[in-house]
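Structure first, then comments.
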Number of protein chains: 2
Amino acid sequence: MTFRVGTFNVNSLRSRLPVLERWLPTAGVDVLCVQETKVTDDQFPVAEVEAMGYHAVFAGQKSYNGVAVLSRRAPDESVSGFNDSQEPNADSRLLAVRFGDLWIFNSYVPQGKAIDHPDYQYKKEFLSRLSGLVAARLPGNVLWVGDLNVAPTPLDVTNPTNKKDHVCFIQELRDLYALKTSALVDLLRRFHDGEELYSFFDYRVKNALERNIGWRIDHMLASPALAGLCRNCWIDKEPRGWEKPSDHTPMLADFDLEL
Amino acid sequence: MTFRVGTFNVNSLRSRLPVLERWLPTAGVDVLCVQETKVTDDQFPVAEVEAMGYHAVFAGQKSYNGVAVLSRRAPDESVSGFNDSQEPNADSRLLAVRFGDLWIFNSYVPQGKAIDHPDYQYKKEFLSRLSGLVAARLPGNVLWVGDLNVAPTPLDVTNPTNKKDHVCFIQELRDLYALKTSALVDLLRRFHDGEELYSFFDYRVKNALERNIGWRIDHMLASPALAGLCRNCWIDKEPRGWEKPSDHTPMLADFDLEL
DNA sequence: GTCCACTGCG
DNA sequence: CGCAGTGGAC
């Protein structure tokens, strides 16, 4: 038995229900971490998710952000936000769930807007603070997934030379990201070294999917022992080509785990 | 062989494509007169209409109004607007098409807003001017259809006593309508005398369809000889109950005609 | 290009 | 309630 985990920035859960209803029942996913649900908790489509056979844990807000974890069985424990008495608590950008002895951190890291914008400073603080939370669970089994809004290397974005000042690629951010994730394994790269694989294709780039013009900013990062149990990790580009797609597409990983 | 004509105020053709794609292929319609397409001619969904097996003639504008005629075969002739050198030409409210010796006038009569609003005067002028155009084709076969924005009698609206000052029911307008349509036969009433049948159900009235709270403001009016060839006329309430419906629902008529 | 929110309309 | 437009975000 393998345990399959996925991450998918849906860019509005309610707008993406048709895509999810087409994809999820065939994807064989045990736990799906969803970002940018853009829905308040009282409006979360619980019935629709249950109709697909999934339990939902969610932490949302109006218009922006919002995270959820859809899972075949309910998590044993879940924590929304940083929950460390510091402000802001980032409730709608972070949701940690536990299945047995595995902690999964589902995160939507701020994009940052521009390198001279306050949001970029917040992005760096968010990454540091979140990495601390993850590190606190080591050496246990930890999986940190989500839209991290960082392309870690030049291989992770099309035309990197144009992107030197981009808030998802600037050297300072990549250095910070490398430092803060150094204890973890980038699962996609464990199985697909050197390949131009992307999880985000801008709506505004004509035929971005077919031309493979995109960004690898969604990630699945595992603690070393857990990474050793990982049997495969891949990006499923299919849903990006369907009607009314998200601009992101799902990433998945299989683990030799009984939970 | 019968020749089936329909009229349907779609309240945005692009928004209503899913409804139309569900309804039209099973409706057996030869000619469908559509109102409130709300689409400019360059944005008209020609391919989608052709995929349903219909030819399209259209006269639209941005945001408001817009008429189209969808037909299994292209009309022999079509005229957009009043085309009588008077202003305004009402391009996007009127489209006349000819099939053989039958002229069909597809019209979207102004609603009028309020009895003290200039639009109400325009509505009366529009009705008069249009009836002149129709009369000019008599004694030939003429069919005047569309959203005429007139409930001709108290039977044609729910709670008529509350509607005495309504721009679609005020006595002055009903008198004008009766006068201007006196040479024509109201096909629905030819087959359904005395019945509370409506073609428009306000979105804002909760469960309007189930409670049958509505207006009969869409009409099919035929010249006497043509009315004699009419075998049936009915309102199809089904599409009003589907997902994302128009606030109007189609009306249909069958004729013993070979065109 | 596709989301969101908001306003104006019937 | 569900169209349309506008302006902001990414």
Side-chain angles (χ1 to χ4, degrees), chain A residues 9-19 35-40 43 60-66 92 108-114 117 119-120 123 147 149 151 157 163 166-169 199-209 213-215 217-218 240-249, chain B residues 9-19 35-40 43 60-66 92 108-114 117 119-120 123 147 149 157 163 166-169 200-209 213-215 217 240-248:
Chain A
N9 178 322
V10 292
N11 186 15
S12 173
L13 181 59
R14 284 172 298 181
S15 297
R16 221 58 62 215
L17 276 175
V19 166
Q35 303 89 39
E36 283 207 82
T37 58
K38 294 184 178 178
V39 65
T40 52
Q43 307 226 61
Q61 65 176 66
K62 197 171 159 178
S63 299
Y64 303 105
N65 314 327
S92 61
Y108 175 50
V109 173
Q111 194 259 4
K113 290 199 172 86
H117 193 284
D119 282 14
Y120 177 63
K123 176 181 193 169
D147 179 354
N149 267 316
V157 59
K163 309 290 191 314
H166 195 286
V167 285
C168 297
F169 188 64
S199 61
F200 167 79
F201 300 89
D202 197 311
Y203 288 131
R204 290 165 293 184
V205 176
K206 196 91 177 158
N207 300 118
L209 188 70
I213 297 175
W215 294 74
I217 54 180
D218 300 279
R240 184 61 180 82
W242 296 345
E243 287 286 287
K244 295 235 155 232
S246 171
D247 40 6
H248 294 250
T249 203
Chain B
N9 178 323
V10 292
N11 185 15
S12 173
L13 180 60
R14 284 172 298 180
S15 297
R16 218 59 60 215
L17 277 175
V19 165
Q35 304 89 38
E36 283 209 80
T37 57
K38 293 184 178 179
V39 65
T40 52
Q43 306 226 62
Q61 64 177 67
K62 196 172 163 182
S63 299
Y64 303 105
N65 313 327
S92 61
Y108 174 49
V109 174
Q111 195 259 4
K113 289 201 171 82
H117 193 284
D119 283 14
Y120 176 64
K123 177 181 192 168
D147 179 353
N149 268 316
V157 60
K163 310 288 191 315
H166 195 286
V167 285
C168 297
F169 188 65
F200 167 79
F201 301 89
D202 198 311
Y203 289 130
R204 291 165 294 183
V205 176
K206 197 90 175 159
N207 300 119
L209 188 70
I213 297 174
W215 295 73
I217 53 180
R240 183 62 179 84
W242 296 346
E243 287 285 288
K244 297 236 155 231
S246 171
D247 40 7
H248 295 250

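Every chain is numbered from 1 and lettered A, B, ... according to where its sequence line falls, protein lines coming before strand lines. Since the structure is predicted, the reported quantities are computational estimates derived from the model, not experimental observations. Atoms considered below: every heavy atom in the structure, side chains included; atoms not considered: hydrogens, waters and symmetry mates.
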In whole Å, I'd like the distance from the CD atom of B/E243 to the C1' atom of D/dG2. 13 Å

Under-3.5 Å N/O pairs linking protein and nucleotides 6-10 of chain C:
unit_1 : atom_1 : unit_2 : atom_2 : d
C/dG10 : N7     : B/R204 : NH1    : 3.2

From OH of B/Y108 across to P of D/dC3 the rounded distance in Å is 15 Å

For D/dA4, does either OP1 or OP2 sit under 4.0 Å from a side-chain N or O belonging to B/S15? yes

D/dC3 phosphate, OP1 or OP2: any side-chain N/O from B/K244 under 4.0 angstrom? yes

When you measure from the side-chain N and O atoms of A/S63 to the phosphate of C/dA5, is any distance below 4.0 Å, counting only OP1 and OP2? yes

Could you tell me which residues satisfy salt bridge (charged side-chain N to carboxylate O under 4.0 Å, His left out) with B/K113, sequence neighbours excluded, listed by chain and number? B/D119

Separation of B/D147 atom CG from D/dC3 atom C1', in whole Å? 15 Å

Whole-Å distance between D/dC10 P and A/D218 CG? 16 Å

Ring geometry between A/W215 and A/H166 (parallel below 30°, tilted from 30 to 60°, perpendicular above 60°): tilted

Which nucleotide wins on minimum distance to the side chain of B/N11, given the candidates D/dC3, C/dC4, C/dC3? D/dC3

Between B/K123 (side chain only) and B/V167 (backbone N and O only), is there a donor and an acceptor less than 3.5 Å apart? yes

To the nearest Å, give me how far apart CZ (A/F201) and P (C/dT2) are. 16 Å

From A/N65 CG over to A/E36 CD, what is the distance, rounded to the nearest 0.5 angstrom? 7.0 Å

Give the rounded distance in Å between these two atoms: CD of B/Q61 and C1' of D/dG5. 14 Å

Can you label the angle between the A/F200 ring and the A/H248 ring as parallel, tilted or perpendicular, going by 30° and 60°? tilted

With sugar-phosphate meaning primed atoms plus P, OP1 and OP2, does B/R16 contact a base, only sugar-phosphate, or nothing at under 4.0 Å between heavy atoms? sugar-phosphate

Whole-Å gap separating C1' (C/dG1) and CD (B/Q43): 14 Å

d(CZ, A/R240; P, C/dC3) in whole Å: 11 Å

Please enumerate all residues that pass side chain to side chain contact (heavy atoms under 4.5 Å, CB included) together with B/L209, with sequence neighbours excluded. B/F201, B/K237, B/R240

Can you name the one residue among B/N11, B/V10, B/L13 that meets side chain to side chain contact (heavy atoms under 4.5 Å, CB included) with B/K38? B/N11

